[in-house]
Structure formats: C-alpha cells, structure tokens
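Take a look at the structure set out below.
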Number of protein chains: 2
Amino acid sequence: MHDINSDTDTKNKIFLVAAHLFAEKGYNGVSMREISEHSGVSKPMIYYYFENKEGIYKQLLETGLNHGGEIIKQALDEEISFREKLKIIMQKRLTLTQIYPDFSRFFLLLNTSSTKFPVTKEFEDKIETHRNLFKGLIQEGIDSGEFGPRVNPVLAIDIIGAVLIHYVRKYLNNDDMKSPEEISDEVIELLFRGLNE
Amino acid sequence: MHDINSDTDTKNKIFLVAAHLFAEKGYNGVSMREISEHSGVSKPMIYYYFENKEGIYKQLLETGLNHGGEIIKQALDEEISFREKLKIIMQKRLTLTQIYPDFSRFFLLLNTSSTKFPVTKEFEDKIETHRNLFKGLIQEGIDSGEFGPRVNPVLAIDIIGAVLIHYVRKYLNNDDMKSPEEISDEVIELLFRGLNE
DNA sequence: TTTTATTTACTTACCGTTCGGTAGGTTGAC
DNA sequence: GTCAACCTACCGAACGGTAAGTAAATAAAA
C-alpha cells in the first residue's frame, strides 16, 4: 500500500527510519521511541500515520514483497535463455541490495529467522506466490533442456536460491564487492559448469 | 566453559530453555521472566548461575562454537578425498541440526542477522578461526586438484558455505527431509558435476 | 561426637527504567 | 468553523536486575 516516493514527508521519514532500525536490530530490538527520535517525528505522530508497531512492520513487508515480485515477473517476460534469466534476476536483486540496503537487510532477517511475528496469513500467501514464480522459472530450465538430464530440479532450486541469498548477505556486509553483473555472471556459470571442471 | 552434560540440574535447565527461546525469538524477543517461567527456575537463581542476560547468550555462543569447531577438525584429520570430507562435514552438521535443533537455530540467527549484540571481540576471533579452518579445507581441494582449473576458489567457498547453511535451515523448518547422508551426497555431487550435465 | 560457623541453593518482594500506546490540547490552512 | 497535522504529558505493564533473608548441607572447632 505504501509507495516509497509518495505520501507525506513525515510518513516517509518514519517509514525509512523504521526500515533501517528493524533491519539492524530486528523487530523486538527497536522501540517506538527510537523510531521517533531517529526520524525527528514525535511518537504520537507515528501512531497517527501507522496503526501501531506491527502496522509499520507489515507495511514494510508489503512494500518490499511487491517490489521483489516485479523483478522476477519482468525477467520471466524477456526473450532470453533460462541461464540469462537467472543471471538477470540475480543481478537485479544485487543491484536492489546496493540501492536499498535497509530494505534488503530487513528481508534477509525475515527469510532467515523463525521468529513468530506479524507475518500473518496474508503474507504467507504472498510469499508462497513468490516461491511459485521462482519454481516456474526453474521449470523453464527443465523444459528447455538447459539443465542436464541428471539434475534433480528440487536440488537445483535449493542451490540457486541459497547462493542468491548468500550473495545478497555478502553485499550487505562487504563494500569491496565486484559489480552485480560480474558476480552474477561468474556464479551462475560456475554453478552450471560444476566445481570439477 | 559450559558443558551441556555437567554442572547442576538447575543451571542446565536454564541453559536449555534459554537456547530454545533465543533460537525462536532472538535476543531482544526473550525476557528473563520468560526464561524463568519456562524453566521453572526463579529469576534471581538465573542471576545466581549467570552474570546477566548477555552472560547466558555468551555461554551459549561459546558452547556452540566449540562444538562446531570440533566437527571440522575431525573431518580434516581423516584420510579421505576432499570431496568426501565436504560430504562428511555437511552430513555431520545436518545430523547435529537434528539432535540439537535449538542450538542450531540459535546459530542460524547469529550467522544471519547483523544485530549489534553481545558478540564481543573474543567471539569475533573464534568465528574467524572457524572461517580459517574452512578456508584451509578448500585449499586442500585446490592443492589436490579436485577443483577444476577454471574454478575460482573464493566463489567455491561462498557457494559451498551458502548451500550448507541453506540445508541447515531447511532441516529446521521441514520434517519430511531425506537423511543427512543422502542429502549431503546428492548436493555435493551435483555441485561438482554442475547443473548442465 | 556434638556444636558452631560457613557456604550453597534457594525464596519473596521490590527497585528504577523503558516499553507500547493514548488522552487531550494547540495550531494553521482552507 | 472545521479538520488535518502536530504537541506535551502521561498511563499501566513489562523490562533487567537486586536486596535481604532462609533452609539445608558441609566444614571446622569443641
């Protein structure tokens, strides 16, 4: 519902500061006072623009999920090989990580922790939709014959997903990284070629 | 410092409950009252056995790191091929995940979040030592020629590490998983063979 | 061997601080 | 005169942590 570039300045300030703090310290590590002080917005004003603490968290989730889904959809529509699509998705995801590190870290925390939080049913569904988009992509690789005949597609999904997330994390923690294009190219090629070649 | 099977019953109860709760909700999501109530130990008794909340967290860290280091060291000492060593490490790590899911989840949270916590200098060093053990292992793969000549060893470390952690997480969240032996074998073979074969 | 002192494992009841959240008023633009 | 956008000041509950005492086991002294 929330667009990073719309609404009032005040709401946006809150939104960005909250993303940063949640990303850094997790949901329970952040207080409303902190958000208030770091954004220069008084505490009651936060409750004026957002329902409550969970409400901010949910809007962050929604915004990020919408963004992320777009990336995969766009890549699926392009008329290039499966391998190139994987590269583009990885590259776009890493680029997004550079541009919006706070949002990216926020989502890393999510994917990762088993924390019982404001991740309600509606979001489970949305996340499931994402996963299915990704599965559909892998199916393309199988159908097109770009996967070798001995490749277990379930394992392939795991491995590609794991590597992608790993590099997102690495991008967030190191600043002396190669460009998203280079990394994506090297990694995907290595995965297809195998470690023994 | 703390051995899971020693010390008093009371201290151990606290220890195990804390591991479970920290694993589930993160450091800031857990209160001393919760630990007290879930373990059936009064709050002041927790402060009797541990310095404070951070103290419990640190002892959990130390215990887990010591355990984890042993696995890699043992594998390094065996006289088998590099590829087999990788399989054994992965398999042992997954088995450990099955036996101590709480500890495993606890460490997943650690590796994963960028949370600014009681991860003091001493632990940074210990974690660095771990990383170096792992790097030494990869170097074996390069020296023995088991890695192909076109493989960038830095990428190889990333990919193997990422896949390992991914499967630990998967083991924690699903209960209909193949055995650690099967998974490790399939995954390592696929990584060496590559996706296109 | 009995008595006394000390230590260990535990209790109840409380401390000041911070938490998420709100009541109720103010201000300026339309 | 209304309403959106803001404020100060406060609420009860939960937080991490502790003071002060007790009951039982253990060690030292008689």
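Naming convention: chains lettered A, B, ... in sequence-line order (proteins, then strands); numbering from 1 in each chain.
Both A:Val41 and A:Arg33 lie near DNA chain D, and the one whose nearest nucleotide falls closer to the 5' end is A:Val41. A residue-by-residue look at A:Glu34 and A:Glu51 shows that A:Glu34 has its nearest nucleotide of DNA chain C further toward the 5' end.
Remark: B:Ser42 is in phosphate contact with C:dT11, judged by side-chain N or O atoms under 4.0 Å from OP1 or OP2. For the pair A:Tyr48 and D:dC7, the criterion of a side-chain N or O lying under 4.0 Å from OP1 or OP2 is not met. Phosphate proximity of D:dA5 to A:Thr10: absent, as no side-chain N or O sits under 4.0 Å from OP1 or OP2. Phosphate contact (OP1/OP2 of C:dA23, side-chain N/O of A:Tyr47, threshold under 4.0 Å): absent.
As rounded to whole Å, 8 Å separates atom P of D:dT18 from atom CG of B:Asn52. When the C1' atom of D:dA14 is taken as reference, atom CE of A:Met32 falls 17 Å away, rounded to whole Å. Taking atom CG on B:Asn12 and atom P on C:dA9, their separation rounds to 14 Å, with Å as the unit. One can place CD of B:Glu37 at 13 Å from P of C:dT12, the figure rounded to the nearest angstrom. Atom NZ in B:Lys53 sits roughly 13 Å away from atom C1' in C:dT18 (whole-Å rounding). Atom pair A:Ile14:CD1 and D:dC6:C1' shows a separation of 11 Å (rounding to whole Å applied). The distance from atom CD1 of B:Ile46 to atom C1' of C:dC10 is 13 Å, rounded to the nearest whole Å. Distance A:Ile35 CD1 to C:dG21 C1': 13 Å, rounded to the nearest Å.
Proximity note for B:Lys43 (side chain, C-beta onward) versus C:dT8, C:dG21, D:dG16: the nearest is D:dG16. For B:Pro44, taking side-chain heavy atoms from C-beta onward, the closest of the listed nucleotides D:dT8, C:dT11, C:dA9 is C:dT11.
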Apply salt bridge (Lys or Arg N to Asp or Glu O under 4.0 Å) to the pair A:Lys85 and A:Glu140, showing each step before the final yes or no. CA-CA 10 Å; A:Lys85 282 186 186 173; A:Glu140 265 193 41; 2.8 Å; yes
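The residue A:Ser31 sits close only to the backbone: its heavy atoms come under 4.0 Å of sugar-phosphate atoms, none of a base. A:Met45 comes within 4.0 angstrom of a nucleotide base, judged by non-hydrogen atoms across all strands.
Using a 4.0 Å cut-off between charged side-chain N and carboxylate O, B:Glu51 and B:Lys58 make no salt bridge. Under a 4.0 Å N-O distance rule, the pair A:Glu181/A:Lys87 does not qualify as a salt bridge.
A 4.5 Å side-chain heavy-atom check between B:Phe106 and B:Asp102 finds every atom pair outside the cut-off. The shortest distance between side-chain heavy atoms of A:Asp185 and A:Glu182 does not fall below 4.5 Å.
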